[in-house]
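Notes to accompany the following structure.
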Amino acid sequence: MDVRHLTPVEIADLLDAAYRADQGEAVDGPDPLTRGSLAAYLSGDEEMRQDAWLAWRYELITQERRVDEAANWLDVKFLPPCADD
């Protein structure tokens, strides 16, 4: 899947599915190739990352889910670490 053509809301939906799958919920998360593409894309496009996060954050809030835990997962577990210069 070419994630570069997705909207922030579509990316937020993928992030939510990946997060739920990582939390052990019975959902179909994105396949490993899509996860890798998504993580690489969001690591390289700060504007899209912020837009997708805002969309996902809104979804988390409206569903009364833990925003802080999702943010930590996104920053620490989902996105690849930054290379040291």
Side-chain angles (χ1 to χ4, degrees):
M1 170 184 290
D2 188 354
V3 297
R4 297 172 297 167
H5 301 293
L6 298 177
T7 67
V9 172
E10 291 169 326
I11 289 175
D13 289 342
L14 283 175
L15 290 172
D16 192 60
Y19 177 66
R20 286 176 178 246
D22 284 2
Q23 299 303 307
E25 293 185 32
V27 297
D28 289 329
D31 61 78
L33 183 60
T34 301
R35 278 181 73 116
S37 295
L38 183 58
Y41 177 51
L42 294 178
S43 291
D45 189 331
E46 184 63 31
E47 185 176 343
M48 179 55 82
R49 179 179 173 187
Q50 290 300 317
D51 290 347
W53 168 245
L54 289 175
W56 187 28
R57 183 177 180 275
Y58 176 78
E59 182 178 327
L60 292 165
I61 290 169
T62 60
Q63 295 173 2
E64 297 181 358
R65 292 170 48 210
R66 297 286 308 260
V67 173
D68 57 338
E69 290 177 5
N72 184 60
W73 171 86
L74 179 62
D75 292 339
V76 176
K77 296 184 179 180
F78 186 76
L79 294 176
C82 296
D84 293 340
D85 292 7

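Applying the salt bridge (charged side-chain N to carboxylate O under 4.0 Å, His left out) test to Asp51 and every residue at least two apart in sequence or in another chain returns nothing. By the side-chain contact (heavy atoms from CB on, under 4.5 Å) test, Glu46 is found to be paired with Arg49, Gln50, residues two or more places apart in sequence or in another chain being considered. Taking Asp2 as the reference, Arg4 meet the salt bridge (charged side-chain N to carboxylate O under 4.0 Å, His left out) condition, with sequence neighbours excluded. Considering only residues two or more places apart in sequence or on other chains, Asp28 meets the salt bridge (charged side-chain N to carboxylate O under 4.0 Å, His left out) condition with none of them. Not counting sequence neighbours, the partners of Asp31 by the side-chain contact (heavy atoms from CB on, under 4.5 Å) test are Leu33, Thr34.
Looking at heavy atoms from C-beta onward, Leu42 lies in side-chain contact with Met48 at the 4.5 angstrom threshold.
Note that CG of Asn72 is 10.5 Å distant from CZ of Arg66, once rounded to the nearest 0.5 Å.
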Let me check something: any side-chain donor-acceptor pairs from residues 10-22 under 3.5 Å, sequence neighbours excluded? List them with distances.
unit_1, atom_1, unit_2, atom_2, d
Glu10, OE1, Thr7, N, 2.8
Glu10, OE1, Thr7, OG1, 3.4
Asp16, OD1, Trp56, NE1, 2.9
Asp16, OD1, Arg65, NH1, 2.9
Asp16, OD1, Arg65, NH2, 2.7
Asp16, OD2, Arg20, NE, 3.0
Arg20, NH1, Glu25, OE1, 3.1
Arg20, NH2, Gln63, OE1, 3.2
Asp22, OD1, Arg35, NH1, 3.1
Asp22, OD2, Arg35, NH2, 3.0
Asp22, OD2, Trp73, NE1, 2.9

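Criterion: ILVMFWY side-chain heavy atoms under 4.5 Å apart, direct or through other members. Under it, Val27 and Leu38 are not part of a common hydrophobic cluster. Residues Met1 and Tyr41 share a single hydrophobic cluster, defined by chaining ILVMFWY side chains whose heavy atoms lie under 4.5 Å apart.
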